[in-house]
Amino acid sequence: MCCAPAHFEKKGYSMAIDRVFVEDVGKFDGQVITLKGWLYNKRSSGKIWFLLLRDGTGVIQGVVSGNDVSPEVFDLYERLTQESSIIITGQVHGDKRAPGGYELWVKDVRIIQTADDFPITPKEHGTAFLMERRHLWIRSRRQNAILKIRHEIIKAIRDYFDSKKFTLVDAPIFTPAACEGTTTLFETDYFGEKAYLTQSGQLYMEAAAMAFGKVYCFGPTFRAEKSKTRRHLTEFWMVEPEVAYADLNDIMGLAEELIEFIVTRVLENRLELLKILERDLSKLETIKRPFPRIHYDEAAAILKGADTEFVYGSDFGGADETLISNNFDRPVMVYQYPADVKAFYMKNNPDDPSKALCVDVLAPEGYGEIIGGGQREDDLDTLKAKIQKQNLPEEAFDWYLDLRKYGSVPHGGFGLGIERTVGWICGLEHVRETIPFPRLMHRIYP
RNA sequence: UCCGGAGUAGCUCAAUUGGCAGAGCGGGUGGCUGUUAACUACUAGGCUGGGGGUUCAAGUCCCUCCUCCGGAGCCA
């Protein structure tokens, strides 16, 4: 309370927040403005030199001429190193030669701090080198664009569910036992007892759906699997809606509407960033409902004769998912996998008990599964039998079974992986660039 | 855990059959009034991941360990 800057108290707003940013310079054409940021790059041609200032919202070129500035300012060129923090004042000038349409005719430059040998130069670097310096890498234009698109995607997801009157219900991070029992969990000491980091908020969302009708949670998820692929992180973010009185068809409708909404929003609001990433926009513009819906058997038929080790009755591998999705120009919804390869809480198809009422959404262009979900088992005895069959500790699921004792209804939901969705929309090679500080099997630094 | 690949200058990479360790960028010193990863001249910079072995001679071949990358399984 003692430390609030004076201007907060006096005026009720912050000059630091409301100052001019690069993304807004177009509104000030011809005016003299001050920009605060960091030196992205510089070039000299002798009696005139150029600086690129970035401030997180964009990059603008400043033109420094010996005719317009004092000799002291002109000579700052020597001391300006990459990523030095600087405040520049100058006149906004529209110029076709400028990448952003505007440049600044510099009148004054103030160096706040001279950076010492910034390690990430404007030239090429390997991913290992860059990941080791992820805290600095996120300053680069490309990483900046990806993380802003991530923000837009997250905001779109929240806006979608909020507009549909879903209630946000946060699931716990510490959990007493496996939600699914199949995958490896991160174990932690909880006051002398074992606890685990959540691998899904879904079971809690089922409880919440019975309380609020339509709910979603959004948070981090942890998987201790030793997966080293372009699609895996040990810590990733997932949004998990759950709806009471919903069946598999309802869930598929929800999934395709959400995905269409997200892609449309990114195309509307973040086109410039997609261009920085050189994303093939035509691949996103086709993402319109309805999405193809194919039965597991149809997906299996696509793989027949293809070069794959897939055997009917098993789950699809990463290569199989690519083979399937390559047949479509939008996400494909594969439904009713064999019940044996799916989690215990999935409801079986009453007309074909060997299949689960589940759906996976496979993104186009080989980006793989971005959604997994379906209808949940709502019958108490069937659920108990499944828990026993998979050798899960029944006592750990007492509370979950209560949901089937007190007003059980058909219901369902899904989990959407944020990083895979970002990777797909941005057209990236690897999900590690879709999260600010990725956690991978061999990386927990920085 | 298994399969494959890589490790050489600060960074990205070359180096023929085992035969003098190289380039671009970055750094340093200069030149240039419209540059867009600016251009340009000169210059410094190396325990070739660690250890062991074969050989007259190893960046190169063999053994071993470490680290990283990609993939499989599993999953979002």
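Below, chain A is the first sequence line, B the second, and so on; all start at residue 1.
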Using both distances under 3.5 Å as the test, list the Watson-Crick or G-U wobble partner of [N], or none.
| N | result |
| --- | --- |
| B:C11 | B:G24 |
| B:U1 | B:A72 |
| B:C32 | none |
| B:U16 | none |

Decide yes or no, distance alone: a donor-acceptor N/O pair under 3.5 angstrom between the base of [N] and the side-chain of [X].
| X | N | result |
| --- | --- | --- |
| A:Glu429 | B:G70 | no |
| A:Arg43 | B:C32 | no |
| A:His232 | B:C75 | yes |

Would the distance check show the side chain of A:Lys42 and the main-chain N or O of A:Leu80 forming a donor-acceptor pair, the cut-off being under 3.5 Å?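 Here the side-chain-to-backbone pair exists.
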N/O donor-acceptor pair under 3.5 Å between A:Lys386 side chain and A:Met346 backbone: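 Such a contact is found between A:Lys386 side chain and A:Met346 backbone.
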Does OP1 or OP2 of [N] have a side-chain N or O of [X] closer than 4.0 Å?
| X | N | answer |
| --- | --- | --- |
| A:His430 | B:G70 | yes |
| A:Arg231 | B:G73 | no |
| A:His125 | B:C11 | no |

Under 4.0 angstrom, heavy atoms only, what part of the nucleic acid is [X] near: base, sugar-phosphate, or nothing?
| X | value |
| --- | --- |
| A:Val63 | base |
| A:Glu103 | base |
| A:Arg432 | sugar-phosphate |
| A:Asn41 | sugar-phosphate |
| A:Thr421 | nothing |
| A:Glu419 | nothing |
| A:Phe129 | sugar-phosphate |
| A:Leu233 | base |

Is there a salt bridge (Lys or Arg N to Asp or Glu O under 4.0 Å) between A:Arg279 and A:Glu365 once you walk through the steps? CA-CA 12 Å; A:Arg279 182 65 167 114; A:Glu365 303 170 75; 2.8 Å; yes
Could you check how far [atom1] of [X] sits from [atom2] of [N], rounded to whole Å?
| X | N | atom1 | atom2 | answer |
| --- | --- | --- | --- | --- |
| A:Met131 | B:G70 | CE | P | 10 Å |
| A:Phe50 | B:C32 | CZ | P | 15 Å |
| A:Leu52 | B:A37 | CG | C1' | 10 Å |
| A:Gln82 | B:A37 | CD | P | 14 Å |
| A:Lys228 | B:C74 | NZ | C1' | 15 Å |
| A:Arg420 | B:C74 | CZ | P | 13 Å |
| A:Leu130 | B:C69 | CG | P | 12 Å |
| A:Asp95 | B:U35 | CG | P | 11 Å |

Can a salt bridge be assigned to the pair A:Glu256 and A:Lys288 using a cut-off of 4.0 Å between side-chain N and carboxylate O?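 No.
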If you measure from the Lys or Arg side-chain nitrogens to the Asp or Glu carboxylate oxygens, is any gap between A:Lys164 and A:Glu257 under 4.0 Å?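 Result for this pair is yes, salt bridge flagged.
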If you measure from the C1' atom in B:U1 to the same atom in B:A58, how many Å do you get, rounded?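 To the nearest whole Å, 34 Å.
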Whole-angstrom distance between B:G59 and B:U54, as gauged at atom P: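 Nearest-Å result for B:G59 against B:U54 at atom P: 16 Å.
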Close side-chain approach of A:Gln91 to A:Gln31, heavy-atom, < 4.5 Å: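 In short, these two side chains do not touch, never coming nearer than 4.5 Å.
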Taking the six-membered ring for Trp, are A:Trp237 and A:Phe218 parallel (under 30°), tilted (30 to 60°) or perpendicular (over 60°)?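 Answer is tilted, since the angle falls between 30° and 60°.
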First of A:Gly417 and A:Thr127 reached from the 5' end of RNA chain B, by closest nucleotide: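 Closest to the 5' end, via its nearest nucleotide, is A:Thr127.
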Among the nucleotides B:U33, B:C75, B:C68, which one has an atom lying closest to any side-chain atom of A:Ala128?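 Of B:U33, B:C75, B:C68, B:C68 is nearest to the side chain of A:Ala128.
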